[in-house]
Number of protein chains: 2
Amino acid sequence: MTHDTLRRIKPLRLKGLPEDFRLKIKEARLKRGWGQRELGAKVGLPQPHISAIESGEIVPRFDTLLDLVRVLDQDILLIPRTLVPAVQSLIRAQREPAESEEQSLYAADDEENAPKEKRHDEV
Amino acid sequence: MTHDTLRRIKPLRLKGLPEDFRLKIKEARLKRGWGQRELGAKVGLPQPHISAIESGEIVPRFDTLLDLVRVLDQDILLIPRTLVPAVQSLIRAQREPAESEEQSLYAADDEENAPKEKRHDEV
DNA sequence: CGACATGATATGCTATACTATATAATTTAT
DNA sequence: ATAAATTATATAGTATAGCATATCATGTCG
């Protein structure tokens, strides 16, 4: 019964973390030019575990998730329901380039670190 | 700097959820006049487990926590670090009565439901 | 092509969240 | 003070997150 194979064409319903959490984590990781191994190392998790979290194979403990998002310069907050839309638009506003005629002088620069080239002989 | 964590003689360093999460959950529960048993029932957890979560004895899985806060009319969001202060003051603003000369017409009414009297012969 | 980096999968083991239940300890009400 | 409700603790079993490691598949680049 719980097995409904309604695997849409798209999101591939899994039972792990909410999709937006998974996507944002992965996106933030890639934006830094980090591999799963590198991210895992920073927080003390093995690469396969990062893979399992990002793919929704497992749902991590709260503290594990918190560690993860924090090395990605994010945080997890408890938000009253009525404030959720406001907070989300705040986030979106920062995310999007702030489209006006004039570009703002400073890029919306969160976690916008140079992907930092990595050589193959580095540990 | 941050909010000086007054780890006095008391708090007895636990490994559970962050303290503010635990306190806010408990506060929201009490505000509704719910006991641990009642809260647990709404989300399918036994009372001792709620106790363990609130007291910091354990750190729950993310999905468990999410279920919990949602029946308390709250949500958990991923916030970019730079936005955290803004979001927090948004929350505080709503929390606090908005102290001005004129009171606002409508109370800052989140989760501000009548504690709903309960009689002892009720199931 | 071959060397290498990355991510996905698999296995065995350990730690612990979670379930279910009972009961003690506290708090609140009458 | 007694009863009732609420919360904390205890025990035992199950499910699964997390750890460590190896391997496979894929992609990139020289």
Side-chain angles (χ1 to χ4, degrees), chain A residues 2-3 7 12 14-18 21-23 25-72 76 115-123, chain B residues 10-18 21-23 25-72 76 115-123:
Chain A
T2 336
H3 184 242
R7 59 182 78 247
L12 183 61
L14 290 173
K15 49 83 179 237
L17 280 183
F21 268 77
R22 305 205 313 265
L23 293 180
I25 287 173
K26 183 170 184 178
E27 177 192 326
R29 172 174 66 79
L30 292 176
K31 190 171 299 184
R32 260 146 261 250
W34 294 350
Q36 292 179 345
R37 190 175 322 263
E38 198 167 352
L39 173 58
K42 291 187 188 288
V43 67
L45 299 179
Q47 174 266 323
H49 203 213
I50 303 289
S51 171
I53 290 172
E54 280 189 356
S55 70
E57 191 187 315
I58 66 164
V59 32
R61 263 191 262 140
F62 179 81
D63 55 346
T64 303
L65 182 60
L66 193 55
D67 286 348
L68 259 181
V69 305
R70 282 184 170 163
V71 301
L72 294 170
I76 296 180
K116 207 183 84 172
E117 196 54 44
K118 177 94 163 238
R119 294 197 333 280
H120 58 294
D121 52 68
E122 195 173 339
V123 178
Chain B
K10 234 351 181 3
L12 178 64
R13 261 292 141 261
L14 290 173
K15 46 72 174 268
L17 281 182
F21 269 76
R22 304 205 315 265
L23 293 181
I25 288 173
K26 182 171 185 177
E27 178 191 326
R29 172 175 65 78
L30 293 176
K31 190 171 300 184
R32 259 146 263 246
W34 294 349
Q36 292 179 345
R37 183 169 333 257
E38 199 167 351
L39 173 58
K42 290 185 188 289
V43 67
L45 300 179
Q47 174 267 322
H49 203 216
I50 303 290
S51 171
I53 290 172
E54 281 188 356
S55 70
E57 192 187 314
I58 67 164
V59 32
R61 260 191 265 139
F62 179 80
D63 56 346
T64 304
L65 182 60
L66 194 55
D67 285 349
L68 259 182
V69 305
R70 283 184 169 163
V71 300
L72 294 171
I76 295 180
K116 208 184 77 169
E117 196 53 45
K118 178 97 163 241
R119 295 201 330 282
H120 59 293
D121 51 71
E122 196 173 340
V123 179

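The CD1 atom of B:I50 sits 11.0 Å away from atom OG of B:S55, with the distance rounded to the nearest 0.5 Å. Separation of atoms CD (B:E27) and CG (B:L23) is listed at 8.0 Å; rounding is to 0.5 Å.
Rounded to an integer number of Å, the gap from CD of A:Q36 to C1' of C:dA8 is 8 Å. As rounded to whole Å, 16 Å separates atom P of C:dG7 from atom CZ of A:R22. Between the CG atom of B:D63 and the P atom of C:dC18 there is a distance of 7 Å, given to the nearest Å. With rounding to whole Å, B:I58 atom CD1 is found 5 Å from C:dA17 atom P. What separates CH2 of B:W34 from P of D:dT7 is a distance of 13 Å, to the nearest Å. Atom P of nucleotide D:dG18 and atom CG of A:L39 are separated by 14 Å, given to the nearest angstrom. In this structure, the CD atom of B:E57 is 7 Å from the P atom of D:dT9, given to the nearest Å. The CD-P distance, from B:E38 to D:dT6, rounds to 8 Å in whole Å.
Contact of the B:I76 side chain with the B:F62 side chain is registered, since non-hydrogen atoms from C-beta on lie closer than 4.5 Å. Counting only heavy atoms from C-beta outward, the side chains of A:L66 and A:R61 never approach each other to under 4.5 Å. A 4.5 Å side-chain heavy-atom check between A:D63 and B:P18 finds every atom pair outside the cut-off. Between A:W34 and A:L30 the shortest side-chain heavy-atom distance does not fall below 4.5 Å. Using a 4.5 Å cut-off on side-chain heavy atoms (C-beta onward), B:R32 and B:L72 make contact.
Each of B:R61 and B:R29 was assigned the nucleotide of DNA chain D with the nearest heavy atom; the assignment lying further toward the 5' end belongs to B:R29.
Of the residues in residues 47-54 of chain B, those with a non-hydrogen atom less than 4.0 angstrom from any atom of DNA chain C are B:P48, B:H49.
Looking at B:E54 and B:R29, a side-chain N of the basic residue comes within less than 4.0 Å of a carboxylate O on the acidic one, giving a salt bridge.
Across all strands, B:G40 comes closer than 4.0 Å to no nucleic acid atom at all (heavy-atom distances).
Between D:dG18 and A:T64, a contact under 4.0 Å exists linking OP1 or OP2 to a side-chain N or O. In this structure, A:R37 does not reach the D:dT21 phosphate: none of its side-chain N or O atoms is under 4.0 Å from OP1 or OP2.
Closest to the B:L45 side chain, of the nucleotides C:dA17, C:dC18, D:dC19, is C:dC18. Of the candidate nucleotides C:dA17, C:dT21, C:dG7, C:dG7 has the atom nearest to the side chain of A:L30.
Legend: residues meeting side-chain contact (heavy atoms from CB on, under 4.5 Å) with A:D67, ordered by chain and number and at least two apart, are A:V43.
Between the axis at the start and the axis at the end of the helix from C:dC1-D:dG30 to C:dT30-D:dA1 there is an angle of 50°, using five pairs per end and rounding to 10 degrees.
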